[in-house]
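The structure appears right after this line, and notes come after that.
Per chain, numbering begins at 1; letters A, B, ... match sequence-line order.
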2 protein chains.
Amino acid sequence: MTAEGEELAGWARMLADGTRATVCLALLDGRAWTASELARLAKVSRPTISEHLNQLVSGGLLTEVRQGRHRYVKLAGPDTAELLEGLAALTPRREEVANSLAAVSKRDAFARARTCYDHLAGKLGVALADAMTERGLIDWSDGIALTPEGQAWLEDLGIEVDVRRGRPAIRSCLDVTERRPHLAGAVGAALCRHALRNDWVTHIPGGRALKVSGSVQAFGLPVRVVRELQPGPRET
Amino acid sequence: MTAEGEELAGWARMLADGTRATVCLALLDGRAWTASELARLAKVSRPTISEHLNQLVSGGLLTEVRQGRHRYVKLAGPDTAELLEGLAALTPRREEVANSLAAVSKRDAFARARTCYDHLAGKLGVALADAMTERGLIDWSDGIALTPEGQAWLEDLGIEVDVRRGRPAIRSCLDVTERRPHLAGAVGAALCRHALRNDWVTHIPGGRALKVSGSVQAFGLPVRVVRELQPGPRET
DNA sequence: CCCACAGTTAGGCGAGTGCCGAACGGTCTC
DNA sequence: GAGACCGTTCGGCACTCGCCTAACTGTGGG
């Protein structure tokens, strides 16, 4: 066999296993998944999925983000996704995969709003990050940073950022349910503290979930989002 | 693992072996190769390549044509080739593969013109089929057939087609060196007989190779091709 | 501080598979 | 018909690889 053949085979070998292929197809939704979720989806043990992910990551098909005790993986890039789509087009139906996770975590107070350490997470956290980005308060061009406008906005709201201990002023943190970044760091904590102090959100006893009041709109969130964050009074 | 994953893995598995990948890359030149040639290229034994080809053919990636004691395989279609190109694009350099066979069989009397059973083959045979196709003497729309114009052309040349024994009047036959079809069947045989009888071509002793005279142009071949078929008088 | 939990490492088992040599059938050439 | 040659079938060997259980590390929540 030739060197080129061996190289091509190397790529193919990554997808040549049913479990790894399943993982890649699931990741076609563009989100980041944890190892355990993928293990559950593919119906294999955690050690098994761990090794598969090692292969896919070191092979360059996937990238990973380690966060706390979680290992998030997603497709390396759009070109990778494109290639996979092309291959997957050879086979019929998909769909069901994309729902498996979303179905269980949706419509849940925990998924809507909660604390993550000392900052806001869930739909609320992500929506807040989105809104701030939209209004030019955050600059993502190199990592993540607060813009001068962002600084001014915080001052206007009367939010004081605690800058002790060399903690990064602002950080992005991958949201567990949304799989998109929300805000952490000193700024994230300050926003959360501010919301709690003013009762824009209140802790739901027995967990990290938060009850959201309409006042969070003061953060500049779109009306539609705020409404989604406040389900009927029937729920806890 | 899911059903889709298993399906995708099935396709990938075909390319997940260095030998099979090498075969597929070689076949990217669009030509048909014999099993032995591929075995030599991939540096494996004939039994081994035989099984690999079985897999690739039954998997739908390759198609085969059995002809005499040869088994010709080529890529199933343009879409297959496209997919392979896409995958191969992930890896650098190619080239060397495409030349391995052409290099040795070129510039050879055998490759220029010879008999194949009872009809003409080599560059001459393929060029003849091309020329006849170009002038509307052959219809390829459903298999291969002689057009009314083709019938008339044969009569004009004084060529009698032997239609005994229910032999197909005209057939296409994959050329060993050119890897493109030339003409066989009763018509192919008649053309060859005619050329030999009029000394447009003559047998070179010790093989099937033919020496080509300029008279073959009477078949309506392009001048350029006829010149290529007649190398310097130095050769046998 | 302790428990719960995500993930990893280690070890081992079993299935699949790529490969070859030997023997065989079929086809062409002379 | 003899010999050469292409391809296949068969048996067997060695190795890879996917998987699990058990045990361990590290992180986070209360």
Side-chain angles (χ1 to χ4, degrees), chain A residues 1 5-6 9-10 13-23 32-40 42-58 64-73 110 114-119 121 173-174 176 184 203-209, chain B residues 1 5-6 9-10 12-23 32-40 42-58 64-73 110 114-119 121 173 176 203 205-209:
Chain A
M1 71 194 96
E6 199 52 58
R13 210 168 288 132
M14 285 200 276
L15 298 174
D17 172 75
T19 300
R20 284 194 298 273
T22 298
V23 166
W33 292 57
T34 66
S36 290
E37 286 164 355
L38 291 170
R40 218 172 309 132
K43 296 189 177 47
V44 294
S45 68
R46 285 196 290 278
T48 299
I49 209 70
S50 179
E51 258 185 65
H52 282 308
L53 295 182
N54 284 343
Q55 279 186 56
L56 291 169
V57 168
S58 74
E64 67 180 19
V65 178
R66 305 266 178 161
Q67 198 162 284
R69 56 185 175 182
H70 293 283
R71 177 191 196 176
Y72 292 98
V73 292
F110 183 82
R114 66 178 176 278
T115 52
C116 173
Y117 305 86
D118 54 2
H119 52 267
C173 175
L174 195 54
V176 185
H203 266 292
I204 297 175
R208 292 153 53 199
Chain B
M1 72 194 95
E6 200 51 59
R13 209 169 288 133
M14 285 200 275
L15 298 174
D17 172 75
T19 300
R20 284 195 297 273
T22 298
V23 165
W33 292 56
T34 67
S36 289
E37 286 164 355
L38 291 170
R40 219 172 305 132
K43 296 191 177 46
V44 294
S45 69
R46 284 195 289 279
T48 300
I49 209 71
S50 180
E51 258 184 65
H52 281 309
L53 296 182
N54 284 344
Q55 279 187 55
L56 291 169
V57 168
S58 73
E64 69 180 18
V65 178
R66 305 265 179 163
Q67 198 161 282
R69 56 185 173 182
H70 294 282
R71 177 192 198 176
Y72 292 97
V73 293
F110 183 82
R114 66 178 176 278
T115 53
C116 174
Y117 304 86
D118 55 3
H119 51 267
C173 174
V176 184
H203 267 293
R208 293 152 54 198

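In terms of phosphate contacts, A:His52 brings a side-chain nitrogen or oxygen within less than 4.0 Å of OP1 or OP2 of D:dC19. At the phosphate of D:dG18, neither OP1 nor OP2 sits under 4.0 Å from any side-chain N or O atom of A:Thr19. Checking the phosphate oxygens (OP1, OP2) of D:dT8, a side-chain nitrogen or oxygen of B:Arg71 falls inside 4.0 Å. Of the side-chain N and O atoms in A:Gln55, none sit less than 4.0 angstrom from OP1 or OP2 of D:dC17. Taking side-chain N and O atoms only, A:Thr48 has no distance below 4.0 Å to OP1 or OP2 of D:dG18. Contact between the side-chain N/O atoms of B:Arg13 and the OP1/OP2 oxygens of D:dT16 is not found at any separation under 4.0 Å. For the OP1/OP2 pair of D:dC19 and a distance below 4.0 Å, the side-chain nitrogens and oxygens of A:Ser45 include no atom meeting the criterion. Put simply, A:Arg20 has a side-chain N or O that comes within less than 4.0 Å of OP1 or OP2 on D:dG18. The phosphate of D:dG7 (OP1 or OP2) has no side-chain N or O of B:Ser50 nearer than 4.0 angstrom.
Between the C1' atom of D:dG7 and the CG atom of B:Leu56 lies a distance of 16 Å, rounded to the nearest Å. Across the protein-nucleic acid pair, B:Arg69 atom CZ and C:dG26 atom P stand 15 Å apart, rounded to whole Å.
Here B:Gln55 pairs with B:Arg20 under the side-chain hydrogen bond (donor to acceptor under 3.5 Å, both in side chains) rule; sequence neighbours left out.
Within 4.0 Å of A:Glu64, counting heavy atoms only, lies no atom of the nucleic acid at all.
Of the residues near DNA chain C, A:Glu51 and A:Arg66, the one whose nearest nucleotide (by heavy atom distance) lies more toward the 5' end is A:Arg66.
Taking 4.5 Å as the limit, every side-chain heavy atom of A:Leu15 sits out of range of all side-chain heavy atoms of B:Leu15. Within the 4.5 Å cutoff, the side chain of A:Leu53 has heavy atoms near those of the A:Leu38 side chain. Side-chain atoms of A:His52 and A:Asp17, non-hydrogen and from C-beta on, do get closer than 4.5 Å to each other.
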